[in-house]
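Take a look at the structure set out below.
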Amino acid sequence: MRVATWNVNSLRSRLERVIEWLQTSGTDVCALQETKVADDKFPVMAFEAAGYEVAFHGLNQWNGVAIASRVGLADVSVGFPGVPGFGDPTAAEARALGATCGGVRLWSLYVPNGRSVDDPHYAYKLEWLRALRAAATDELAAHPDRPLALVGDWNIAPTDDDVWDPAVFVGSTHVTEPERAALRAFTDDGFTDVVLPRTGPGVFSYWDYQQLAFPKKRGMRIDLVLGNDAFASRVTDARVDREQRKPKGSTTGQGPSDHAPVVVDLDV
DNA sequence: ATGACCATGTCGCATGGA
């Protein structure tokens, strides 16, 4: 089974590219983030026409997560128990979606950005990660032998190897010790980064749109696949498809997301 | 050249992204 995660930065503006990539890449299950589409506008038909079932969670034009699968899609869960909201008054955000596909449990996650360390969004990010950890460990305890992966845009570079120049990021979100500690806590609970051992360090998944960051290889590794033992032990390969960060052609409307898909092959 | 931000809602510009 081929599983992927991709922050598409608007599904509707890139729908043809996403559907075409699902098919040509041979992806069986794909978690999507930043779909930027409310549920009543989700392009269900395009996925079904391509042979994929799809579950989605979008409240407005921000955030939004989905899971597309051609190997079954069951037990869909929206958010997770205890997921915090943001703002005053507190509002729910569409950042987590779970589903079981071909015997594999996946959570499609769009971790809050944090914006800056002195912004309320940063405290929200850490609280969101605490709540996610509690929910994930509960699910892990309930189904210890079922393959489970927490996949998506974690908005955290795990180490300094995961940014193109650590000096540029001093004082920024994504690299602070509290964020990295929150990520490492998942490792303590039994979740493993299954991609890094297959790619080696320095293989990024995100490049800013500005200042030619992609051709200059100025990226970050923030899109992660963390699997439990049952998931990690079945991984046979993993890669980042950098081709999808490139423009598709000379015509307009075919631009890339600022993230590339992360792909994992499983022996299931 | 992979090439000098992009997406949303809404129609000029605010907001979010990292």
Side-chain angles (χ1 to χ4, degrees), chain A residues 6-18 21 32-43 56-66 85-88 91-95 109-126 128-129 152-160 162-176 178-180 182-183 203-224 240-262:
Chain A
W6 194 3
N7 179 322
V8 293
N9 184 22
S10 169
L11 180 58
R12 285 174 296 171
S13 71
R14 252 173 286 291
L15 186 58
E16 284 186 30
R17 175 193 280 259
V18 171
W21 181 82
L32 302 169
Q33 299 87 36
E34 272 208 276
T35 54
K36 289 186 171 178
V37 59
D39 286 349
D40 61 347
K41 295 178 180 174
F42 195 95
F56 42 91
H57 176 36
L59 298 171
N60 49 41
Q61 71 270 43
W62 306 120
N63 314 306
V65 283
F86 179 67
D88 185 15
E93 297 191 312
R95 295 183 176 275
L109 303 171
Y110 180 43
V111 175
N113 173 296
R115 298 178 186 166
S116 62
V117 293
D118 58 351
D119 192 295
H121 210 257
Y122 178 78
Y124 165 58
K125 180 179 193 174
L126 296 177
W128 197 92
L129 288 163
D153 179 358
W154 285 76
N155 270 322
I156 301 170
T159 74
D160 279 354
D162 300 308
V163 296
W164 64 276
D165 182 359
V168 171
F169 292 88
V170 172
S172 298
T173 61
H174 296 63
V175 301
T176 68
E179 290 166 277
R180 286 174 168 171
L183 181 60
V203 176
F204 303 137
S205 62
Y206 162 84
W207 300 260
D208 197 291
Y209 282 123
Q210 300 185 56
Q211 299 174 307
L212 296 171
F214 181 61
K216 292 183 176 178
K217 306 185 190 307
R218 296 176 174 175
M220 305 173 76
R221 192 175 76 90
I222 56 177
D223 299 277
L224 309 174
V240 176
D241 190 351
R242 297 181 76 260
E243 291 299 310
Q244 290 307 314
R245 184 58 181 81
K246 302 176 182 179
K248 277 202 77 172
S250 56
T251 55
T252 57
Q254 300 185 73
S257 169
D258 42 3
H259 297 250
V262 179

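The chains referred to below are lettered A, B, ... by the order of the sequence lines, with proteins before strands, and numbering in each begins at 1.
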What's the gap between B/dA4 and B/dT8 when it is taken at their C1' atoms, as a whole Å value? 23 Å
Can you find a heavy atom in the side chain of A/V37 that is under 4.5 Å from one in the side chain of A/Q61? no
Partner residues of A/E243 under the salt bridge (Lys or Arg N to Asp or Glu O under 4.0 Å) criterion, sequence neighbours left out: A/K246
If I take atom CZ in residue A/F214 and atom P in nucleotide B/dA1, what distance separates them, rounded to the nearest angstrom? 16 Å
Sequence neighbours left out, what passes side-chain hydrogen bond (donor to acceptor under 3.5 Å, both in side chains) with A/S257? Give chain and number order. none
For B/dC5 versus B/dT10, give the span between their P atoms, rounded off to a whole number of Å. 27 Å
Take A/F169 and A/H174, measure what ring-ring contact (aromatic ring centres under 6.0 Å, His included) needs, and give me the verdict at the end. CA-CA 8 Å; A/F169 292 88; A/H174 296 63; 8.1 Å; no
How many whole angstroms separate atom CZ of A/R17 from atom P of B/dA7? 11 Å
Side-chain touch A/L129/A/W154, heavy atoms, less than 4.5 angstrom: yes
Starting from P on B/dG3, measure out to NZ on A/K217 and report it in whole angstrom. 13 Å
Could you work out the separation of B/dC6 and B/dA18 based on their P atoms and round it to a whole Å? 15 Å
In whole angstrom, give the distance that lies between atom CZ of A/R245 and atom P of B/dA1. 18 Å
With a 4.0 Å cut-off on N to O distance, would you call A/D160 and A/R180 a salt bridge? yes
How does protein reach along nucleotides 8-18 of chain B, written 5' to 3' as B (base within reach of a heavy atom under 4.0 Å), S (only sugar-phosphate), or - (no contact)? BS-----BBBB
For atom P, what is the distance between B/dG12 and B/dG17, given to the nearest Å? 26 Å
